[in-house]
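Notes follow the structure.
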Amino acid sequence: QVQLVESGGGMVQAGDSLRLSCAASGSSFRNRAMGWFRRAPGEEREFVAAINWFGGRAMYADSVKGRFTITRDNSKNTVYLQMNSLKPEDTDVYFCAAGAGGDISRLWSYWGQGIQVTVSS
């Protein structure tokens with residue numbers, strides 16, 4: 001089993017930065033890729049970023065490339081999403097995910113409860 005708990009959200013102004021954290025627990029953590037998604041119209045969540053267990057491979061949605069960086073610290077069982085140059089359109093609920101990886105939300109196995117990020121103009 002894997003449990004995921006997000007933290008670090010909040011309200012900032014456009015151009016500011018936030019760092020989201022996702023703490024994972026469970027014996028299978030090292031066997032999982034980690035990622036971040038946010039709400040999107042319809043059933044499927046919008047892919048934001050993902051990273052493999054070793055931290056050597058990362059992928060990003062086009063909308064956040066150059067602004068967001070995903071990293072992980074396996075000694076702390078934690079994955080991070082550094083969000084720079086935030087825009088109002090980044091306002092959303094962000095979800096931490098664990099699973100096989102990829103940009104299709106239904107292929108991920110575990111989800112956090114979500115954390116609010118609000119960016120004001």
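What you see is a predicted model; the values in this text were computed from it and never measured. Computed from heavy atoms alone, side chains included, the values below leave out hydrogens, waters and symmetry copies.
- Under a 3.5 Å cut-off, the side chain of N84 and the backbone N or O of D16 do not form any donor-acceptor pair.
- Between the side chain of R57 and the main chain of W53, no donor-acceptor pair closer than 3.5 Å is present.
- Between the CD atom in E46 and the CG atom in D103 there is a gap of 11.0 Å [rounded to 0.5 Å].
- In the hydrophobic clustering of ILVMFWY residues, with side-chain heavy atoms under 4.5 Å counting as a link, F47 and V117 come out apart.
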Should D90 and K87 be marked as a salt bridge (charged side-chain N to carboxylate O under 4.0 Å, His left out) after you check the CA-CA gap, both sets of side-chain angles, and the distance that decides it? CA-CA 5 Å; D90 295 318; K87 304 175 181 179; over 6 Å; no
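- No donor-acceptor contact under 3.5 angstrom links the side chains of E89 and T91, judged on distance only.
- Of all heavy-atom pairs spanning I70 and G35, the tightest one is CD1-CA, 4.2 Å.
- Looking at every heavy atom in both residues, V12 comes nearest to S17 through CG1-O, 4.2 Å.
- Connection of I115 to V64 is established within a shared hydrophobic cluster, with ILVMFWY side chains joined at heavy-atom distances below 4.5 Å, either directly or through further cluster members.
- Proximity of a side-chain donor or acceptor of E6 to a complementary backbone N or O of S21 within less than 3.5 Å is not detected.
- Within 6.0 Å of atom CD in Q3, 12 or fewer heavy atoms from other residues, nucleotides or ligands are found, so the atom counts as exposed in its surroundings.
- Between L4 and C22, the shortest heavy-atom contact is CB-SG, 3.8 Å.
- Hydrophobic clustering (side-chain heavy atoms under 4.5 Å, transitive across Ile, Leu, Val, Met, Phe, Trp, Tyr) groups Y60 together with I51.
- Note that SG of C96 and CH2 of W36 are 5.0 Å apart. Values are rounded to the nearest 0.5 Å.
- Once rounded to the nearest 0.5 Å, the distance linking CZ of F95 with CD of Q113 reads 9.0 Å.
- The closest side-chain donor-acceptor pair between T78 and D73, if any, does not fall under 3.5 angstrom.
- Nearest heavy-atom pair across A14 and P88 is CB-CD, 4.1 Å.
- In this structure, R45 fails the cation-pi test against W108, since its NZ or CZ atom is not both closer than 6.0 Å to the six-membered ring centre and inside 45 degrees of the ring normal.
- For the residue pair V79 and M34, the shortest heavy atom distance occurs at CG1-CE, 3.7 Å.
- In this structure, D92 CG and R38 CZ are separated by 6.0 Å, a value rounded to the nearest 0.5 Å.
- Annotation: Q13, atom CD; neighbour count of heavy atoms from other residues, nucleotides and ligands within 6.0 Å does not exceed 12.
- A tilted orientation is assigned to the rings of F68 and Y94, their planes being inclined by 30° to 60°.
- In this structure, the side chain of Q82 does not engage the main chain of R19 through any donor-acceptor pair within 3.5 Å.
- L20 and Y80 are not part of a single hydrophobic cluster, where members link through side-chain heavy atoms under 4.5 Å apart.
- Shortest non-hydrogen contact noted between A49 and L81 is CB-CD1, 4.1 Å.
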Step by step, work out the side chain to side chain contact (heavy atoms under 4.5 Å, CB included) result for R32 and Y110. CA-CA 10 Å; R32 306 287 184 177; Y110 302 96; 3.3 Å; yes
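- Using a 4.5 Å heavy-atom cutoff, the side chains of E44 and F37 are not in contact.
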